[in-house]
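Please read the structure below before turning to the comments.
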Amino acid sequence: MDYPVIAKPKLEEIKVRPNLDQYDDLVKKFSWQELRKELDGLPGGGLNLAHEAIDRHARGPRADRVAMYWEGTGSEEERYTFAQMKELTDKFANVLKGLGVEKGDRVFLFMGRIPELYVAFFSILKVGAIAGPLFSAFGPDPVKDRLLDSVAKVLIVTPDLRNRISDILKDLPDLKHVIVVNKDNRSQEPLAQGDISYEKEMAAASPDFQIVPTTEEDFSIMHYTSGTTGKPKGAVHAHLAALQHMATGRWALDLHDDDIYWCTADPGWVTGTSYGMSAPWTNGVSQVIYEGGFRASAWYQIIQKYGVTVWYTAPTAIRMLMKAGDHVPKRYDLSSLRYMCSVGEPLNPEAIVWGLRALDLAFHDNWWQTETGAILIANYPIQEIRPGSMGRPIPGIKAAIIDEAGSEVKPGEEGDLAIRPGWPSMFRTYWHNQEMYDSKFKNGWYVTGDRAHMDEDGYFWFVGRSDDVINTAGHLVGPFEVESALIEHPAVAEAGVIGKPDPVAFEVVKAFVSLHDGYEPTDKLRNDIMGFVRRKLAAGVAPREIEFIDSLPKTRSGKIMRRLLKARELGLPEGDTSTLEED
Ligand code: ATP
Ligand code: MG
């Protein structure tokens, strides 16, 4: 399928001078060691993300810059400067230390996007412990699974979420403390026996704290993966990841000193920590945190109100904005926006076309995983966009397409997307599952589990997850291509494509489709969509079957769960559904 290339902008058309206008040169001469000098480091030679993201700004000219503009669900507003963030995190670090939290302990966070989440996160790092963020919409079982698996020592939680999981606490013998954050006295209930009040402890805590010395290889964060393809795995990261967050914040998100940045991802997922905490703040950039969930008008309102300049979001959110209609953004002044990025799933070319039409800007796709810790492949502001492509590797990264044997294939050939190990934000292990970690490496490559191809110019094109690729009559078909063609049809809001076993063709392509409001799921429409897609794709690739469904099963981070579509289609067990979004 050919989509017109979006031409490379001229330097003078870009509102600021892009950080990565010398891509080709930098790729040739880049060294992480050199860039490492831009991090401060701890006295004595260690490295700690909390120092790089907060303390060093609090001690310098950015001390009074707003680090976080916070907007609550009830339109409350709060602002925190870097200096204030330092004081609060020093205090809470003292609280944690007082409770006996030590280097390497796992401290989990289970709360919505309130400022205290950000304070607690960096305080955990300051005491040298490992932070484990949990998505606030989890029910008791996923929380229990993760706290058991990680052998967590402390849980920091809000009262409503504490109530949700009160039954599981007795099953967690290693959990020593539950700290309850009751922001603005939102809850009137008394604390449960044994729980610790965040507010009370903070009122008594000293603001003097010295960061526990950590090395760049000490563990900082553990994140459970999204569970799109199977049971979530606990990917563990080291403090050195800060280096790559800083670098990719500049190169891929084009962050500049005076930007107002908004990342819509929740810190329960890796994007919400790497890019909703670390990347902006290691660069000393102000960011907006919005507690509320998705609503098109509320989101545009946030951009207008705070003058957001750089925006990082996900395809599923973009598809929802598209669904809300082109007229909605027209009601807001979005002129502050200058750069937009997307991650988490393939970005359908139609979404780029829509962005240009409705927002006057192109979304820049980039690729990475929980395991990679930071962006590895991206579209940059000063390069042309080839819609449907994830872009090119960041400087310092060697990405390739490899075959079964682990050898690089020729440009244009499909294979496994693989990365040469050793980048700073690479995961260091899967928690207590070294065997699974080791299984991800082959012939000197980290094998990502994604299928892709690379073109002659080094742009990478996502085909699908290895598990999702369809084998029909000898052709390998990636669901992304078929889904992208489907959502170009005006009636189609979302599409998920699977391979359905077939006695003749081995598998046939089956599509599940949800419709935009105002369209009826009739046979006539089905035929129309079928004809539309056949004209776009080779006959063997177009879906043989289309089934209408109200909504597609997705992870709570918004990814289409094709494995569930398939399990349901075949009447098989659904497997781990801890991250499944509820309707
Ligand atoms: P699990 O590993 O538990 O199945 P997951 O892979 O969805 O879940 P994440 O680490 O959150 O967990 O997601 C990373 C994956 O998301 C990538 O491997 C890729 O399949 C997909 N992805 C992320 N960004 C992009 C992108 N720009 N284009 C295509 N796919 C992407
Ligand atoms: Mg994965």
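This structure is a prediction, so every number in the text was calculated from the model and none was measured.
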His364 and Tyr339: ring-ring contact (aromatic ring centres under 6.0 Å, His included), yes or no, with the steps? CA-CA 8 Å; His364 291 73; Tyr339 196 60; 4.4 Å; yes

For Glu350 and Arg319: C-alpha separation, side-chain torsions, deciding distance, then whether salt bridge (charged side-chain N to carboxylate O under 4.0 Å, His left out) applies. CA-CA 9 Å; Glu350 186 64 12; Arg319 288 192 298 262; over 6 Å; no

Hey, mind stepping through Thr228 and Thr579 against side chain to side chain contact (heavy atoms under 4.5 Å, CB included) and telling me if it holds? CA-CA 8 Å; Thr228 316; Thr579 61; over 6 Å; no

Are the side chains of Thr89 and Phe209 in contact, using a 4.5 Å heavy-atom criterion? no

Find out whether Met222 and Phe108 are in side-chain contact, i.e. whether some heavy atom of one side chain is under 4.5 Å from a heavy atom of the other. yes

Looking at Arg386 and Glu384, does any basic side-chain N land under 4.0 Å from a carboxylate oxygen? yes

Are Glu581 and Lys559 close enough, and set up right, to give a salt bridge (charged side-chain N to carboxylate O under 4.0 Å, His left out), and what steps lead you there? CA-CA 9 Å; Glu581 181 186 58; Lys559 295 160 190 269; over 6 Å; no

Are Asp21 and Arg17 ion-paired here, with the side-chain N under 4.0 Å from a carboxylate O? yes

I'd like to check the salt bridge (charged side-chain N to carboxylate O under 4.0 Å, His left out) partners of Lys126; sequence neighbours left out, ordered by chain and number. Asp55, Asp90

Would you tell me whether Thr370 and Thr225 have side-chain atoms, one donor and one acceptor, within less than 3.5 Å of each other? no

State whether the number of non-hydrogen atoms from other residues, nucleotides or ligands found under 6.0 Å of Lys442 atom NZ is greater than 12. yes

Between Asn48 and the options Thr215, Asp218, Thr214, Asp40, the side chain to side chain donor-acceptor pair (under 3.5 Å) test singles out Thr214

For residues 277-294, which residue pairs qualify under salt bridge (Lys or Arg N to Asp or Glu O under 4.0 Å), counting only residues two or more places apart or in two chains? Arg186-Glu291

Inter- and intrachain pairs under salt bridge (Lys or Arg N to Asp or Glu O under 4.0 Å), touching residues 261-276, at least two apart: Arg113-Asp266

Taking it one step at a time, do Phe462 and Trp367 satisfy ring-ring contact (aromatic ring centres under 6.0 Å, His included)? CA-CA 9 Å; Phe462 182 82; Trp367 176 93; 8.2 Å; no

Using a distance-only test with no angle check, is there a side-chain donor-acceptor pair under 3.5 angstrom linking Asp149 and His432? no

Can we say Glu34 and Lys29 salt-bridge, meaning some charged N sits less than 4.0 Å from an Asp/Glu carboxylate O? no

Any side-chain donor-acceptor pair under 3.5 Å between Tyr446 and Thr372? no

Using the ring-ring contact (aromatic ring centres under 6.0 Å, His included) rule, collect all pairs that involve residues 376-397, keeping only residues at least two apart or in two chains. Tyr23-Tyr380

Any side chain to side chain donor-acceptor pair (under 3.5 Å) involving residues 414-430? Give me the pairs, sequence neighbours left out, ordered by first then second residue. Glu217-Arg428, Gln244-Ser425, Glu371-Tyr430, Glu414-Arg451, Asp416-Arg451, Thr429-Gln434

Salt bridge (charged side-chain N to carboxylate O under 4.0 Å, His left out) with Lys28: which residues, sequence neighbours excluded? none

Decide salt bridge (charged side-chain N to carboxylate O under 4.0 Å, His left out) for Glu77 and Lys305; before the verdict, give the C-alpha distance in whole Å, the side-chain angles of both, and the deciding distance to 0.1 Å. CA-CA 11 Å; Glu77 285 174 35; Lys305 178 169 171 185; 2.8 Å; yes

Any salt bridge linking Asp455 with Arg392? Criterion: basic side-chain nitrogen under 4.0 Å from a carboxylate oxygen. no

Under 3.5 Å donor-acceptor, Asn366 side chain and Ala378 backbone: no

Tell me every residue that passes ring pair (Phe, Tyr, Trp, His ring centres under 6.0 Å) with Tyr69, counting only those two or more places apart in sequence or in another chain. Tyr306

When Ile377, Thr271, Thr248, Thr448 are each screened for side chain to side chain contact (heavy atoms under 4.5 Å, CB included) with Trp368, the one that passes is Thr271

Could you please spell out the steps behind the side chain to side chain contact (heavy atoms under 4.5 Å, CB included) verdict for Leu359 and Trp354? CA-CA 8 Å; Leu359 306 170; Trp354 175 82; 3.8 Å; yes

Is there a donor-acceptor contact under 3.5 Å from the side chain of Trp32 to the main chain of Gly396? yes

Aromatic ring proximity, centroids under 6.0 angstrom, Tyr312 and Trp262: no

Would a line drawn from the ring center of Phe427 to the ring center of Tyr437 be shorter than 6.0 Å? yes

In the structure I gave you, are the side-chain heavy atoms of Ile211 and Leu42 within less than 4.5 Å of one another anywhere? yes

How far apart are the C-alpha atoms of Phe363 and Cys341, what are their side-chain angles, what is the distance that settles it, and do they pass the side chain to side chain contact (heavy atoms under 4.5 Å, CB included) test? CA-CA 5 Å; Phe363 282 102; Cys341 297; over 6 Å; no

Can you check whether Thr81's main-chain N or O pairs, donor with acceptor, with Gln84's side chain at less than 3.5 Å? yes

Given the rule in the salt bridge (charged side-chain N to carboxylate O under 4.0 Å, His left out) test, do Arg562 and Asp467 qualify, once you have shown the distances and angles that lead to the verdict? CA-CA 9 Å; Arg562 294 176 194 82; Asp467 300 358; over 6 Å; no

With sequence neighbours excluded, what pairs up with Phe121 under the ring pair (Phe, Tyr, Trp, His ring centres under 6.0 Å) test? none

Using a strict threshold of under 4.0 Å (side-chain N to carboxylate O), is an ion pair present between Arg338 and Asp259? yes

Distance (rounded to the nearest 0.5 Å) between Asp257 CG and Asn283 CG: 8.5 Å

Residues in salt bridge (charged side-chain N to carboxylate O under 4.0 Å, His left out) with Lys398, at least two apart? Glu408

Who are the side chain to side chain contact (heavy atoms under 4.5 Å, CB included) partners of Pro213, not counting sequence neighbours? none

Output, in order, the C-alpha distance, side-chain angles, deciding distance and verdict of side-chain hydrogen bond (donor to acceptor under 3.5 Å, both in side chains) for Glu78 and Tyr80. CA-CA 7 Å; Glu78 290 177 10; Tyr80 297 83; 2.4 Å; yes

By ring pair (Phe, Tyr, Trp, His ring centres under 6.0 Å) - contacts of His223 (at least two apart): none

If you draw the axis of the six-membered ring of Tyr224, does the NZ or CZ of Arg146 fall within 45° of it and under 6.0 Å from the ring centre? yes

Return the set of residues passing ring pair (Phe, Tyr, Trp, His ring centres under 6.0 Å) with Phe122 (not counting sequence neighbours), or none when no residue passes. Trp281

Worked check of side chain to side chain contact (heavy atoms under 4.5 Å, CB included) between Ile382 and Leu20: CA-CA 7 Å; Ile382 195 60; Leu20 198 62; 5.7 Å; no

Between the CG atom in Leu47 and the CG atom in Leu243, the distance rounded to the nearest 0.5 Å is 8.0 Å

